[in-house]
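A quick write-up on the structure given underneath.
Atom set for the values below is all heavy atoms of this structure, side chains included, hydrogens, waters and symmetry mates excluded.
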Amino acid sequence: MARANDDAAAALTEYAELFALTGGDAFRVRSYQKAAKAIAGFPEDISVADVRGVPGVGEAIAKKMEEFLQRGSFRQLDDLRGRVPEGVRRLTRVPTLGPKTAIMLFEDYGIDSPAALGEAITSGRLDGVKGLGPKTLANLLKGIEQLEQSGRRVHIGVAMSLAEQVMTSLKAERIAYAGSLRRMKDTIGDIDILAVAPESIMTEFRAQPYVAEIIAAGDKKTSIRTTSGLQVDLRVVPAESWGAAMQYFTGSKEHNVAIREMAVKKGWKLSEYGLFEGERVIASESEEDIYAALGMQFVPPPMREDGGEVKAALRGELPTLVQLADLKGDLHTHTNLTDGIASLEDMVAAGHARGYVYYAVTDHAPDLAMQRMTLDKALEQRQQVADLQQKYPDMRLLHGTELNIAPDGSVDWPGEILREFDVCVASVHSHFSMSRDEMTRRFIAACENPYVDIIGHPTTRKIGKRPQVDADWEAVFRAAGRTGTAMEIDSFPDRSDLPADLVRLAKHHGVKFSIDSDSHAIPHLTNQRFGVGIAQRAWLTTEDVINTWPLERLLAFLGR
Ligand code: DGT
Ligand code: CA
Ligand code: CA
Ligand code: ZN
């Protein structure tokens, strides 16, 4: 459930932007921005608590926020919204384009979007305009490109369900997704689908209801843009080149360059049609055969990033990656006691249906004030969990909690309460913009708490919405390794947190991981497959992942 804080903070941020655009005093702009951040990070819901309790919120801002809580806007915001045209606001999203220039471009040249600006620059319409030298224009073009790129990538959850929809909508002898999606990247630029099928599949594809625009239509490749804005490339490949095509279009480009070099060294040629010696086909129908012919182990797609996998595969030293089927349970889930939407009974039944050996219920703790959690409620839930346990003799229920890491690194309850939980996840849910040093100390303190078992969604990023918090991750991971605190791989696709590069760094410091769903509803349980993708991209084995371990070993790790 969204708190009033986030919407109120967004309105105040917008107000700060508009205020700056209309030539408002820079000092006040900054104070609005600061207050918005403080409101967003404030642990209590301001529709319940007095907004005057938020640091940096004085009387004037408090009045605006109170009006916002009552009617979803405030007078000064309405005023400015009326004065600044939408086009100008769109323009200011271009990096390096300031408000004054935006207004000038809009008023004097009728430019009302980043795309229109791009066109005006490339067509030379802005050449010689005062204040816009060639270097400035080149920078603006770069900024527009950046903006378009960041807007175009989507998180893997969106791309995966779209890819599955596309594949079930088409009839083919063989059909599969390749590209970054097969490599399980956390963000996807476009979806690459390969099919063995008659050419008529292209007509069928173009007629699908999810097609918004046809970008390119050919016999072998059709590119479309879907109604959600994402591009899908469909390629028809000959059955006998299936493996070579999958290898080529799975990428990454860097991995492929390295593989092709190996082929060249042997005097062979590798393309999307096969591995050849002159005209003779050495391998093409299966990917496995291609890697084998090159004298290397099969490289699982998530490892194909030219990060040492080619060398390891040549030496036969690739690790055995953790698989979805290795997971024996989930250590971070919610129920409708806090912000989940399913009951304890239903969540546990769904976990059991997935064949888990153990399942942890970790509802939020009291410091996330909007959840109105209390110790009494937690203890009552513990009794319900104990009762429910009778029904599931083959699955161990763990009663846990998701604690809130305060700015000083402390958590909601003292040790004597924490130790009665089977498992404690501790997460940052507020004060996202502390300085690097403060944030690092905050995480280290949480790791040093003997009852904190897992740091939940450590970077707290939300893809496309909220950046990672700033911390010295190396120092945090050293502390986690030393104290035996696991780092979570939160599998919610918009979180994907930790991301794979940080997982790899953490592993280097001896850290263990928990691949959790952070479910707030039953369908979320299946998100663990995305977490496994992250783990595979970071080369994790079952040894690294505590929720692949048998119950006894897990309990020993949790140390209760
Ligand atoms: P994305 O779409 O940005 O998330 O990332 P990818 O990896 O899916 O990239 P994409 O869609 O441009 O191309 C799909 C795969 O096709 C890519 O991973 C490797 C292969 N590929 C595309 N262009 C080239 C190329 O010029 N050389 C090589 N070796 N491979 C390429
Ligand atoms: Ca792609
Ligand atoms: Ca593509
Ligand atoms: Zn959380």
Side-chain angles (χ1 to χ4, degrees), residues 3 5 37-46 48-49 53-56 331-332 334 338-339 360 362-379 381-382 399-461 468-488 490 497-498 506 511 514 516 518 557-560:
R3 305 189 297 164
N5 297 34
K37 269 193 187 167
I39 289 170
F42 196 59
E44 292 171 53
D45 189 336
I46 59 160
V48 183
V54 180
L331 299 177
H332 181 178
H334 296 272
T338 55
D339 57 352
T362 57
D363 270 314
H364 288 288
D367 289 355
L368 202 62
M370 57 166 171
Q371 302 302 341
R372 303 174 188 283
M373 189 57 160
T374 62
L375 182 57
D376 283 348
K377 285 189 193 173
L379 296 179
Q381 186 185 53
R382 184 170 303 159
H399 187 239
T401 182
E402 183 183 9
L403 302 163
N404 303 286
I405 307 176
D408 66 358
S410 66
V411 296
D412 310 58
W413 283 306
E416 63 263 29
I417 291 175
L418 298 181
R419 74 164 174 244
E420 300 300 324
F421 284 100
D422 296 320
V423 54
C424 290
V425 178
S427 315
V428 165
H429 289 127
S430 70
H431 301 87
F432 302 113
S433 46
M434 291 169 69
S435 75
R436 187 187 178 89
D437 280 357
E438 288 173 318
M439 193 61 89
T440 305
R441 276 199 294 277
R442 184 180 184 182
F443 278 115
I444 291 176
C447 288
E448 280 170 349
N449 185 320
Y451 302 106
V452 168
D453 305 298
I454 300 166
I455 303 293
H457 47 72
T459 79
T460 78
R461 71 165 174 172
Q468 300 185 0
V469 296
D470 190 17
D472 176 351
W473 291 111
E474 212 152 355
V476 173
F477 296 152
R478 246 182 272 123
R482 173 166 49 76
T483 57
T485 310
M487 284 287 147
E488 182 173 67
D490 189 310
D497 188 9
L498 287 179
V511 173
S514 181
D516 300 328
D518 193 358
F557 179 87
L558 299 176
R560 297 301 204 285

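Residues Phe421 and Trp413 place their aromatic rings such that the two centres sit under 6.0 Å apart.
A donor-acceptor contact under 3.5 angstrom links the side chains of Asp518 and His334, judged on distance only. Counted by atom type alone, Thr440 and Asp472 present zero donor-acceptor pairs between their side chains at under 3.5 Å. Between the side chains of His332 and Glu402, a donor-acceptor pair is found at a separation under 3.5 Å. Between the side chains of His399 and Asp422, no donor-acceptor pair of N or O atoms lies under 3.5 Å. Ser435 and Asp437 share no side-chain donor-acceptor pair at under 3.5 Å. For the residue pair Ser514/Asp516, the side-chain donor-acceptor check at 3.5 Å is satisfied. With no hydrogens or angles considered, no side-chain donor-acceptor pair links His429 and His431 at under 3.5 Å.
In this structure, CD in Gln468 is found 7.0 Å from CG in Asp497, a value given to the nearest 0.5 Å.
Annotation for Arg436: atom CZ counts as buried by contact number, over 12 foreign heavy atoms lying within 6.0 Å.
Salt bridge present: Arg482 and Glu448 bring a charged side-chain N and a carboxylate O closer than 4.0 Å. Ion pair Arg560/Asp453 flagged as a salt bridge, since at least one NZ, NE, NH1 or NH2 atom sits closer than 4.0 Å to an Asp/Glu carboxylate oxygen.
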Next on the checklist: Under the criterion side-chain contact (heavy atoms from CB on, under 4.5 Å), I'd like the reasoning laid out for Arg478 against Val511: C-alpha separation, chi angles, the key distance, then a yes or no.
Outcome noted: CA-CA 8 Å; Arg478 246 182 272 123; Val511 173; over 6 Å; no
Item to check | Check against side chain to side chain donor-acceptor pair (under 3.5 Å), Asp408 and Ser410 | outcome: CA-CA 6 Å; Asp408 66 358; Ser410 66; 2.7 Å; yes
Checklist entry - Between Ile39 and Ile46, does a side-chain contact (heavy atoms from CB on, under 4.5 Å) hold up when you go through it step by step? => result CA-CA 8 Å; Ile39 289 170; Ile46 59 160; 4.0 Å; yes
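When all heavy atoms of Leu403 and Cys424 are compared, the pair lying nearest together is CD1-CB, 3.8 Å. The two residues Leu375 and Ile417 make their nearest non-hydrogen contact at CD2-CD1, 3.6 Å. Residues Met373 and Ala365 approach most closely at CB-C, 4.0 Å, considering heavy atoms. Contact record, Ala480 with Met487: CB-CE, 3.7 Å, taken as the closest heavy-atom pair. Minimum heavy-atom separation, Leu368 to Asn404: N-ND2, 3.2 Å. The two residues Ala406 and Arg442 have their closest heavy-atom pair at O-NE, 3.0 Å.
Side-chain contact between Lys377 and Asp363 is absent, with no heavy atoms from C-beta onward closer than 4.5 Å. With a 4.5 Å cut-off on side-chain heavy atoms, Glu438 and Pro407 do not count as touching. Here the side chains of Thr459 and Trp473 are in contact, with some heavy-atom distance below 4.5 Å. Side-chain contact between Glu488 and Leu498: absent, with no pair of heavy atoms (C-beta onward) separated by less than 4.5 Å. The shortest side-chain heavy-atom distance between Pro458 and Ile455 falls under the 4.5 Å cut-off. Residues Ile454 and Val423 are in side-chain contact: their nearest non-hydrogen atoms beyond the backbone lie under 4.5 Å apart. Two residues are said to be in side-chain contact when any heavy atoms from C-beta on lie closer than 4.5 Å; Asp470 and Met439 fail this criterion. Residues Asn5 and Asp45 meet the side-chain proximity criterion, which asks for heavy atoms closer than 4.5 Å.
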